[in-house]
Amino acid sequence: MDSSQFESVKTKTASLPDRVADQIAQLIIDQHLTSEDKLPNEFELASQLNVGRGTVREAVKLLVARNVLVIRRGKGTYIANNPGEMEDPLGFAFIPDQIQLAFDLMEVRLQVEPWVARLAAQRRTPDELERVQAYRVLVEQEIKAGRDHLPLDMEFHLSIAKCTHNQAVPKLMPLILHSVSLFGSLTRRSLRSYTIKEHRLIAEAIAAGDGARSETVMREHIEHNQQKLEAIRRQMEVSQEEKPK
């Protein structure tokens with residue numbers, strides 16, 4: 001990064017830390033920076049932007065809060081893995097009825113993810129296909145070892161979304177990933193054998209470049225999850241009825 005990428009921000013009317021944060025964010029976009037790229041240190045940024053180090057420090061804090069930058073202790077400040085994406089951007093954790101939320105998210109997934117799977121089969125590259133298969137295998141290994149497979153399960157679904165080459169699709173994934181995580185916690189990961197089987201079918205269809213088949217097996221996967229959720233809700237209703245009044 002050199003000073004030509006920056007303009008002096010001292011004369012701008014907006015809040016100085018906000019303006020500096022905007023300048024750094026724009027630089028990330030313009031130069032296609034990734035999580036492998038490190039920002040210049042505080043002193044260098046202050047010199048290049050013609051502002052004080054305190055202003056740079058505040059701007060970096062703003063970008064960290066927005067999940068654009070991440071501070072790696074002892075190494076410096078880097079671009080976040082998914083700049084701008086928050087862990088729970090829609091506030092799902094604050095919805096009281098998590099069972100109903102799980103059903104509502106499944107409805108959305110049923111409309112979105114089969115289409116995503118179809119696009120993935122039609123557009124995936126060999127490298128992307130290899131990534132999908134790698135995550136499928138890792139999920140299977142975690143399940144067979146009796147470990148928590150949900151983080152890798154989410155990566156499996158995310159890797160399929162990235163195969164679409166649609167820039168909007170990965171931005172929808174926090175919704176899908178929250179659904180995967182919530183479903184896993186509600187079912188206590190009881191569908192392990194079904195997960196292995198259905199992930200294999202999805203990956204095979206995508207590998208074959210069969211869009212229609214990919215769409216079908218993804219829909220069946222989600223519908224099976226819906227059926228499991230319905231069984232859990234019925235069990236909970238029975239338990240409530242049997243409680244002493």
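A quick note: this is a predicted structure, and the numbers were derived from the prediction, not measured.
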*asked:* Do R213 and L201 have side chains that approach each other closer than 4.5 Å (heavy atoms only, starting at C-beta)?
replied: yes
*If two hydrophobic side chains count as joined below 4.5 Å and joins carry through other members, does L39 share a cluster with L62?*
no
*asked:* What I'd like to find out is whether the side chain of M173 reaches to under 4.5 Å of the side chain of H157, using heavy atoms alone.
replied: yes
_Salt-bridge contact R200-E140 (side-chain N to carboxylate O under 4.0 Å)_ = yes
*Do the non-hydrogen side-chain atoms of E130 and R124 ever get within less than 4.5 Å of each other?*
no
*Taking the side chain as every heavy atom from C-beta outward, state whether L105 and F92 have any pair of such atoms under 4.5 Å apart.*
yes
*Under the side chain to side chain donor-acceptor pair (under 3.5 Å) test, which residues partner R57, sequence neighbours left out?*
E42
*Pairing residues for H221 by the side chain to side chain donor-acceptor pair (under 3.5 Å) criterion, not counting sequence neighbours*: E198
_Heavy-atom check, side chain of D37 versus side chain of T34, under 4.5 Å_ = yes
_Side chain to side chain, V139 and E142, heavy atoms closer than 4.5 Å_ = no
*4.5 Å side-chain heavy-atom contact, Q122 and L119*: yes
*Can you sort out the partners of E230 under side chain to side chain donor-acceptor pair (under 3.5 Å), two or more places apart, ordered by chain and number?*
R233
*Are K61 and E58 within salt-bridge range, i.e. N to O under 4.0 Å?*
yes
